[in-house]
Amino acid sequence: MNLLEINNRIADRSGVFYWQTDRRISVAEAAEIWKDKHRGINSDDIIRVANETMSDKIVSIAPVDPGHQNNEGSVNSVRDAVLESGRSVIIRIHPKGVRNGYFYTESLAAKRVRESGLPAYETLIVHESTGEDDSSFQVIEKLPGLTVSGWLKQNPADEAVLVHAVGATLANIHKIKCDGFGPFDNERAKAGELVGLNATFADSVRVALDSNFSELLRYGILTPAQVDDLRRLFDKGNPLLQSDESVLVHNDLADWNCMTDNGKRISGIIDFDECVAGNPVMDIACWSTFFEPERMENFLAGYFSVAPKMENFDELFELLRLRYTISKMTLRANRYEYMPTDFTKSRIEAGKKHLAVSFAHFKIRG
């Protein structure tokens with residue numbers, strides 16, 4: 001692989017609705033980069049590079065633990081580490097030689113969330129890869145507790161309370177206002193500004209839609225007639241897409257990116273690598289694609305205990321859930337091509353059920 005050439009593409013989010021789906025690399029390139037995200041990363045190299053900048057030096061990094069709770073669903077290799085002061089931190093390391101291009105955005109988003117009174121992490125340093133033998137990484141504060149997914153494995157009776165708490169947490173995140181729409185400009189984030197790369201909400205929802213359609217046609221998941229109907233539904237003139245409201249959208253606030261230390265509250269919010277500027281209903285729609293419909297009642301009860309219900313919420317939710325399902329089905333189908341596991345196949349089948357529900361709602365041709 002020509003990593004220099006790939007790095008010029010992979011960090012460009014101007015054509016992205018959902019980064020893991022729409023990043024500008026081929027299926028084969030993605031397979032090669034992420035077949036083992038831990039490979040080739042040397043702890044001594046990370047310590048040396050980090051300690052050139054950090055005043056509170058890293059003294060040790062834990063060995064690779066693929067089962068680490070923060071590795072679940074992450075594109076990064078996540079390691080525990082300890083500083084000279086005794087402080088515990090997390091190091092999120094991108095595959096070796098691959099430019100991240102969003103760590104400054106992630107760090108600024110987490111800072112804004114923390115400044116709003118919510119439990120997000122502090123970023124100590126960001127390092128961007130300088131070549132094929134270097135790794136992009138960020139050193140961040142280690143937050144207390146377990147991920148909600150980890151907690152619920154041990155304490156399933158706490159699910160209703162925690163799902164309600166996640167909904168309320170998300171509503172509070174949405175109090176943070178942004179400029180523009182879609183993925184953030186990482187260079188402007190480096191300068192302290194959260195500004196989306198798209199001018200309008202409609203633009204941000206429609207970006208990469210045609211390429212998603214092409215892939216789903218290729219896999220036989222959509223028919224040409226369905227694509228015609230979907231194009232009309234997502235026309236930029238659709239009144240539902242004429243939103244001026246732009247807030248911080250986490251875009252991945254699932255159980256594995258929320259933490260709890262007591263089963264009743266959210267003690268940490270992590271992993272902002274998909275965050276965008278957008279309409280708050282985006283986050284609700286995105287969350288809904290991960291879980292069974294039975295979960296929505298508690299989640300929405302939590303959300304609307306903090307925020308009023310938006311105008312046209314129900315129809316916009318259905319439209320955006322369909323948009324996320326199209327995106328995630330593209331991701332899952334591509335992933336199955338290079339990682340044909342039973343789990344990926346099960347996610348494709350679950351996505352087909354979501355599509356069927358949306359098609360019935362919007363009267364898309366079968």
Side chain to side chain donor-acceptor pair (under 3.5 Å) partners for Tyr121, two or more places apart
none
When you measure from the side chain of Asn172 to the backbone of Ala168, do you find a donor-acceptor pair of N or O atoms at a distance under 3.5 Å?
yes
Salt bridge present between Arg87 and Glu122 (N-O < 4.0 angstrom)
yes
Tell me whether Gln138 contacts the main-chain N or O of Leu124 through its side chain, where contact means a donor paired with an acceptor under 3.5 Å.
no
Counting distance only, does the side-chain N/O of Asn251 pair as donor-acceptor with the main-chain N or O of Glu274 below 3.5 Å?
yes
May I ask you to decide whether Arg206 forms a salt bridge with Asp210, counting only side-chain N to carboxylate O separations under 4.0 Å?
no
With a 4.0 Å cut-off on N to O distance, would you call Glu292 and Arg295 a salt bridge?
no
Is the Lys NZ or Arg CZ of Lys328 less than 6.0 Å from the centre of Tyr18's six-membered ring, within 45° of the axis?
yes
Parallel, tilted or perpendicular: which describes the rings of Phe137 and His127, with under 30° parallel and over 60° perpendicular?
tilted
Test of understanding: with ring pair (Phe, Tyr, Trp, His ring centres under 6.0 Å), list the residues that count as partners of Tyr102, not counting sequence neighbours.
none
Distance-only polar pair, side chains of Asn186 and Arg13, donor-acceptor under 3.5 Å:
no
Check this for me, if you would: do Asp229 and Arg232 make a salt bridge, where the nitrogen-to-carboxylate-oxygen distance has to be below 4.0 angstrom?
yes
In terms of relative ring orientation, are Phe304 and Phe313 parallel, tilted or perpendicular, with 30° and 60° separating the classes?
perpendicular
Determine the minimum heavy-atom distance between Phe291 and Asp255, stating which atoms define it.
CZ-OD1, 3.5 Å
Testing the basics here: between Arg9 and Ile25, what is the closest heavy-atom pair and its distance to 0.1 Å?
NH1-CA, 3.6 Å
Looking just at side-chain N and O atoms, do His94 and Glu128 make a donor-acceptor pair shorter than 3.5 Å?
no
Which atoms form the tightest heavy-atom contact between Asp179 and Ala277, and what is the distance?
O-CB, 4.1 Å
Sequence neighbours excluded, which residues qualify as ring pair (Phe, Tyr, Trp, His ring centres under 6.0 Å) partners of Tyr303?
His174
Contact summary for Thr289 and His354, nearest pair of heavy atoms:
O-NE2, 4.0 Å
